[in-house]
Amino acid sequence: MIDLHCHTLHSDGTDTSKALALLGDEARLTALCLTDHDTLDGIPEFQAMQPRVKVRLLVGTELSCRFLDQSLHVLGLLVDPADARFQTRLVELRGRRDDRNRRMILRLAELGCPVTHEDVQAQADSPLLSRVHFAKALAARGFVRRPPEAFERLIGDDCPGFVPREELSPAEACCWIREAGGVPVVAHPGRFGGGGFRWDDAMADLQRQGLEGLEGYYGEYRAAEQKYFVRLAAKLGMVVTGGSDYHGGNKPGLRLGRGRGGLQVPDELLVHLETQQRFGSYH
Ligand code: AMP
Ligand code: MN
Ligand code: MN
Ligand code: MN
């Protein structure tokens, strides 16, 4: 089994890269791809764990795009961490995130929930600040009882305290990922668009924009969703990937490699992904 989607404290997870690599062995995985949001900062420490751990350690990232007026997450799997242009592009994305964070601090103050940059930074173990850290800071300041309440009332996508950041177009994200030697993949499509959203046409549109794969196996999918997305990928000729979206203590009960319990991502998906990486199309 493999896991091609997980996070460390370099974005919005809680584990160090080193602990994550060790956990990969403990979960008896054959491959593990680290996909922190907007950064490869966890990668050097992660890769340094090879060959101490047996699990193959792979490089990735997760970028946010604007699609149909919603946020669509795109995984850049197998990108080259030594690609200087890609690193510069990630710095730009983190700048947009910092800008959003500054505006969110102002907005929350207007809503009567003032938190400072220092309050938010105190909840993070790296410079990348995410809404997860805002939720914890709001709880620490007593504006909500617990962090999930912050997402329900204040900083969830449809809440008054949420400020969107400038997001990439899917085509732009695909170009960046491809130019860094990676494969662009639609992350957790089942989480996009709400319950009734039908993916058939939208996924074909994304494929035309450069998306080459989709996450058919996911830590929080129901069996029917997995079946639907694996079939859709086959229909469109896209590669299937899979991962837990493990965030350590920030997603309680969600385990590396296993998700909420039943996740099993087959090794052969990585073979297809690597073929896709080399040849562009795996037919
Ligand atoms: P950001 O990238 O700073 O906008 O933060 C997005 C992160 O916040 C996601 O990757 C999730 O980890 C988390 N998140 C977003 N919405 C929710 C929610 N409704 N409940 C819990 N966590 C959420
Ligand atoms: Mn996350
Ligand atoms: Mn995501
Ligand atoms: Mn993720």
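Quick caveat, the model's predicted, so the values are computed rather than measured. Counting starts at 1 for both ligands and their atoms, following the listed order.
Geometrically, ligand 1 and Arg131 share a nitrogen or oxygen pair separated by less than 3.5 Å.
At a threshold of 4.0 Å, the pair Arg278-Glu274 does not count as salt-bridged, since none of the basic side-chain nitrogens sits closer than that to a carboxylate oxygen. Salt bridge annotation for Arg255-Asp3: absent, with no cationic side-chain nitrogen under 4.0 angstrom from a carboxylate oxygen.
With rounding to the nearest 0.5 Å, the separation of CD in Glu220 from CG in Leu254 is 5.0 Å. To the nearest 0.5 Å, the span separating OG1 on Thr61 from CZ on Arg89 amounts to 13.5 Å. Taking NE2 of His133 as the start and CG of Asp12 as the end, the distance is 6.5 Å to the nearest 0.5 Å.
For atom 13 (C) of ligand 1, the nearest non-hydrogen atom from the set Phe162, Phe134, Phe151 comes from Phe151. Taking only non-hydrogen atoms, the option from Glu149, Met104, Arg100 nearest to atom 3 (O) of ligand 1 is Arg100.
In terms of protein heavy-atom proximity, atom 11 (C) of ligand 1 is nearest to Asp12 OD2, 3.9 Å.
Proximity of Lys251 to ligand 1, defined as any heavy-atom pair under 4.0 Å, is not found for any part of the residue.
In this structure, His7 has no heavy atom closer than 4.0 Å to ligand 1. Heavy atoms of Arg97 approach ligand 1 to within less than 4.0 angstrom. Residue contacts with ligand 1 include Arg165, since one or more of its heavy atoms lies under 4.0 Å from the ligand.
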*Going through the checks in order, is the side-chain contact (heavy atoms from CB on, under 4.5 Å) test met by Leu4 and Val265?*
CA-CA 9 Å; Leu4 304 179; Val265 186; 5.6 Å; no
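Using a 4.5 Å cut-off on side-chain heavy atoms (C-beta onward), Val186 and Phe192 make no contact.
Listed by number with element, the atoms of ligand 1 under 4.0 Å from a non-hydrogen atom of His37 are 10 (O). Every atom of ligand 1 with a heavy atom of Val132 under 4.0 Å away is listed here by number and element: 8 (O), 12 (O), 13 (C).
Within His188, the N, O or S atom at minimum distance from the Mn ion (ligand 3) carries the name NE2. When you scan the N, O or S atoms of His5 for the one nearest the Mn ion (ligand 4), you land on NE2.
Vertex the Mn ion (ligand 4), arms ending at NE2 of His7 and OD1 of Asp245: the angle is 90° after rounding to 10 degrees. Rounding to 10 degrees, one finds that the Mn ion (ligand 3) sits at the corner of an angle of 90° between His73 ND1 and Glu62 OE2.
Residue His37: no N/O/S atom is found under 2.8 Å from the Mn ion (ligand 3).
Between Glu215 and Leu75, the shortest heavy-atom contact is OE2-CD1, 3.5 Å.
For Phe229 and Tyr218, the gap between ring centers reaches or exceeds 6.0 Å.
Tested against Arg165 for a side-chain hydrogen bond (donor to acceptor under 3.5 Å, both in side chains), the candidates Asp38, Asp98, Asn101 yield a single pass: Asp38.
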